[in-house]
Amino acid sequence: MSAADTGLRLRYHELKRALFDKYYSDLNERQREAVTTVNGPLLVLAGAGSGKTTVLVRRIVHIIKYGDAYNSDFVPPGVDEAALLRYRYALETMTPQEIGELVLPDFRVDACRPYQMLAITFTNKAAGEIKSRLAAALEGTDIEGGASEIWAGTFHSICMRILRRWGDLVGYERGFTVYDTDDTKRLISDCMKDLKIEEKALPVKTVMNVISRAKDRLLSPEQYEATAGGDYRGAKIAEIYKMYADRLMASNALDFDDIIMKTVELLSTHDEVRELYNRQFRYVSVDEYQDTNHAQFRLTSLLTGEHNNLMVVGDDDQSIYKFRGATIENILSFDREYDDVTVIKLEQNYRSTSTILGAANAIIAHNRGRHEKSLWCAGGEGAKIVLRELDNQNDEGKYIADKIEALVSGGSSQYRDFAVLYRMNAQSAPIEGAFAKAGMPYRMLGGMRFYDRKEIRDAVAYLSVIANPNDSVRLKRIINEPKRKIGATAVAAAEEIAAVEGCSLYDVLKDARRHMALSRAAASIEGFVQLIETLREFSAASSVAELIDRTLELSGYREMIAAGGETELDRLENLDQLIANAVEYAEDNEDASLTGFLEDVALVSEVDRYDETADAVVMMTIHSAKGLEFNTVFLPGMEEGVFPGQQSSFSPEELEEERRLAYVAVTRAKERVFITRTHNRMMYGQTRYNPPSRFISEIPPECVIDETPEAPRRAPETFGESAKRQRVPEPVYKNGAGVRVEVKKEAPPAEVFAPGTIVRHRTFGRGEVISVTKMGQDYMYEIIFDDVGTKKLMATYAKLTKES
DNA sequence: ATGGGGCTGCTTTTT
DNA sequence: GCAGCCCCAT
């Protein structure tokens with residue numbers, strides 16, 4: 001190679017990189033490095049708000065569009081001085097967009113097809129976010145297939161996709177069922193009864209947890225038994241685990257942990273399947289890597305294969321799921337696990353003010369055993385974090401409601417700028433009450449999920465049995481719901497027969513007349529089997545929505561609820577909502593099927609439906625807020641015993657996890673944080689005094705301002721007494737002249753609207769009154785609003801007007 | 001077989 | 001304080 005040639009090559013690469021750098025000028029240097037580092041293992045340690053999703057998405061797009069162009073030393077044959085001149089001209093005159101479209105494709109080396117990219121996340125919400133950002137980035141380009149061909153999804157959805165295709169290789173028949181936590185609990189509970197193990201001695205929750213942890217570690221029942229050693233408790237659990245696993249198999253069902261574990265089993269025992277995916281997925285990315293457990297680590301490495309083109313993104317400071325098996329080791333030892341790892345730290349925060357980051361940094365600095373990281377930002381100081389102590393939870397709720405109302409009526413904010421994040425769901429009630437009283441629009445996540453409602457679970461159980469009659473757990477759920485005279489004795493007898501004959505419960509039911517033990521219930525059982533068979537036939541040629549409707553009709557389920565009268569009205573509505581969901585599912589999926597719908601139901605959660613566009617204050621646990629951001633965040637219940645929680649104060653490890661949770665909480669806020677605590681808190685039916693949370697004192701004083709008015713505080717010795725007289729005295733305020741003035745309670749409204757009346761609310765708009773309940777002096781309305789759905793409002797505060 | 005009344009025990013949660 | 005479970009009475 002001549003010297004001139006070498007010079008040309010050097011200048012070519014220099015120009016190429018300069019063009020890429022200009023194209024990515026909206027990224028910071030670290031981010032750019034992450035996006036353009038394409039081959040080999042890559043660990044991105046991304047602090048809160050440092051744009052990690054942006055990096056993940058842009059890197060995938062980069063690989064699809066340009067491949068390894070940035071780092072490759074390949075020079076196309078035709079490059080000459082004239083070409084370099086054109087590139088220099090482009091660099092000086094073109095916008096970044098123009099460069100991306102017109103120039104950079106010249107440099108493409110080894111670019112990938114969309115279906116060769118695998119991106120794994122933890123939540124559906126994160127997966128949805130990545131998918132939509134990818135779609136936006138590839139829109140209007142000539143990339144064949146586009147974003148929809150990229151394999152982006154949760155660990156579970158990716159594994160399901162693989163298992164639906166290859167499940168028979170690890171023992172599952174087509175149409176297998178996914179058991180959720182409730183099904184799992186029932187099944188384990190059944191096993192324990194059959195093994196005559198007292199639930200008092202060994203709580204089901206514990207057993208569930210131990211089995212789940214064993215599955216995280218990829219231990220079969222036999223392997224688990226070996227680790228349990230001579231431990232009596234461990235031996236019992238091993239017995240239960242064995243029976244549980246057998247019954248899951250017999251029901252042609254998997255639990256959530258199996259979805260990962262069985263995929264790992266499939267890929268490690270079937271080389272041809274693994275090689276197929278290794279050839280397909282040339283690049284693998286994993287989000288929230290700090291939350292992966294051992295099974296997910298194995299899965300990732302099996303899917304990645306030999307090429308090691310694996311990017312993991314995470315933040316050890318945001319690891320808050322240790323309690324369910326996540327092991328921080330995965331991220332801490334990533335560079336030991338793989339050779340030649342590129343490590344990139346993203347520490348520039350684009351979300352919060354320096355005050356908020358100062359507080360967050362100071363809190364998390366109290367933890368040991370972490371990658372040293374410190375967030376910084378280019379933005380200003382912003383407002384100080386406000387501290388406030390209130391007397392009790394009702395006052396706390398009212399304080400939050402008042403603050404929000406004041407800031408909204410000030411005109412600078414909307415309701416959707418505010419979030420209330422709490423440690424546990426039990427804290428939500430008084431806050432919700434305060435919002436309802438103030439007539440403030442709010443949405444609450446968590447608590448009772450839609451698919452956890454009894455009527456929905458029952459309907460889904462019918463569908464599961466129609467799709468998979470071997471699903472005994474769900475069969476038992478609905479065999480006598482509505483009541484059809486097939487009681488526990490009959491079911492137990494049938495199960496006994498099934499165990500002896502080695503067939504499924506449903507097989508026994510089909511031949512009920514043959515068995516003496518079932519003679520009494522035989523007629524009812526035949527009716528039930530007939531019902532299921534009719535519905536099975538019907539399902540072959542109908543949509544899921546039609547099937548649900550027909551099922552509710554023929555089973556008498558709808559009739560049963562309707563007989564319950566007005567109070568059951570919302571349950572009927574929920575069932576209608578389920579049908580609506582099925583219609584929506586059919587619209588979204590070309591290959592809609594009953595099993596597909598059931599899979600959706602099993603894997604989709606409520607947080608996924610959180611709609612950021614509606615103008616309402618949002619309430620949720622800190623855990624579910626991870627990955628989200630809000631202008632202003634309220635953190636109620638910052639007290640020892642609540643946050644950090646009671647039992648974590650004993651273990652330094654759990655305390656660190658609580659502290660990471662506090663870090664997550666504070667870093668959700670862009671501009672303002674309000675931290676509140678109460679003097680008296682009702683917990684578990686007892687009033688307690690909790691000292692302020694240690695996390696408050698870990699925040700540097702210059703970041704906070706305490707707005708608690710200097711008031712004579714109740715002496716601690718009166719505490720026992722104050723617990724008894726919990727009733728809050730009537731509010732008494734002083735007017736300017738120092739005269740005490742009693743604030744009058746607002747009089748109940750003169751007019752009470754009857755159900756059926758069309759009314760208008762200041763914020764919620766038009767709606768119809770469904771029910772009116774007298775509550776003390778006041779009335780509570782339940783109203784379906786055209787825009788925001790059903791709300792419960794107090795008559796005094798709702799200020800409703802009749803709509804003509 | 002079913003429904004009501006007393007007892008316990010309690011984070012966080014995605015899938 | 002409340003929900004979910006077990007037992008007992010019908």
Could you tell me the separation between the [atom1] atom of [X] and the [atom2] atom of [N], rounded to a whole number of Å?
X	N	atom1	atom2	answer
A/Glu481	B/dT2	CD	C1'	12 Å
A/Asn293	B/dT13	CG	C1'	14 Å
A/Arg213	B/dT13	CZ	P	15 Å
A/Lys322	B/dT11	NZ	P	20 Å
A/Ile320	B/dT12	CD1	P	13 Å
A/Arg161	B/dT15	CZ	P	18 Å
A/Gln686	C/dC2	CD	P	15 Å
A/Lys205	B/dC10	NZ	P	7 Å

Should B/dT12 be called syn or anti, with syn set as within 90° of 0?
anti

Using the [atom1] atom as the point on both nucleotides, what is the distance between [M] and [N], in whole Å?
N	M	atom1	result
C/dA3	B/dT14	C1'	23 Å
C/dC5	B/dT12	C1'	23 Å
B/dT11	C/dC6	C1'	25 Å

Sorted by position of nearest nucleotide on DNA chain B, 5' first, the leading residue of A/Ala488 and A/His623 is A/Ala488

5' precedence on DNA chain B between A/Glu654 and A/Arg484 (nearest-nucleotide basis):
A/Arg484

Nearest to the [X] side chain among [options], which nucleotide is it?
X	options	result
A/Tyr684	B/dT11, B/dT12, B/dT15	B/dT11
A/Asn480	C/dC5, B/dT2, B/dC10	B/dT2
A/Lys185	B/dT15, C/dC5, B/dT12	C/dC5
A/Tyr321	B/dT15, B/dT14, B/dT11	B/dT14
A/Thr489	B/dT14, B/dT2, B/dA1	B/dA1

Short side-chain N/O contact from [X] to OP1 or OP2 of [N], under 4.0 Å:
X	N	answer
A/Asn425	B/dT13	yes
A/Asn124	B/dT14	no
A/Thr154	B/dT14	no

Give a yes/no verdict on base stacking between B/dT12 and A/Phe323: centres under 5.5 Å, planes within less than 30° of parallel.
yes

Between A/Arg423 and A/Glu658, is the salt bridge (Lys or Arg N to Asp or Glu O under 4.0 Å) condition met? List the steps.
CA-CA 9 Å; A/Arg423 177 66 244 268; A/Glu658 294 280 302; 2.5 Å; yes

Do A/Phe695 and A/His366 have ring centres separated by under 6.0 Å?
no

Would you say the side chains of A/Asn392 and A/Thr678 form a donor-acceptor pair under 3.5 Å?
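Their side chains do not contain a donor-acceptor pair, so the 3.5 Å distance test is not met.
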
Specify whether A/Tyr442 and A/Phe435 have parallel, tilted or perpendicular ring planes, treating 30° as the upper limit for parallel and 60° as the lower limit for perpendicular.
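Because their plane-to-plane angle lies in the 30° to 60° range, the rings of A/Tyr442 and A/Phe435 count as tilted.
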
Angle between ring planes, A/His623 versus A/Tyr321, binned at 30° and 60°: parallel, tilted or perpendicular?
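It falls in the tilted class, 30° to 60°.
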
Please work out if A/Gly487 contacts a base, only the sugar-phosphate, or nothing of the nucleic acid, heavy-atom cut-off 4.0 Å.
sugar-phosphate

Please work out if A/Glu657 contacts a base, only the sugar-phosphate, or nothing of the nucleic acid, heavy-atom cut-off 4.0 Å.
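No contact at all - A/Glu657 keeps every heavy atom at 4.0 Å or more from the nucleic acid.
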
Between A/Arg324 and A/Asp291, does any side-chain N to carboxylate O distance fall below 4.0 Å?
no

Is the shortest side-chain N to carboxylate O distance from A/Glu599 to A/Arg164 below 4.0 Å?
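Salt bridge flag = yes for A/Arg164 with A/Glu599.
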
Can you find a donor-acceptor pair, distance only, under 3.5 Å between [X] side chain and [N] base?
X	N	result
A/Thr181	B/dT15	yes
A/Arg423	B/dT12	yes
A/Arg324	B/dT12	no

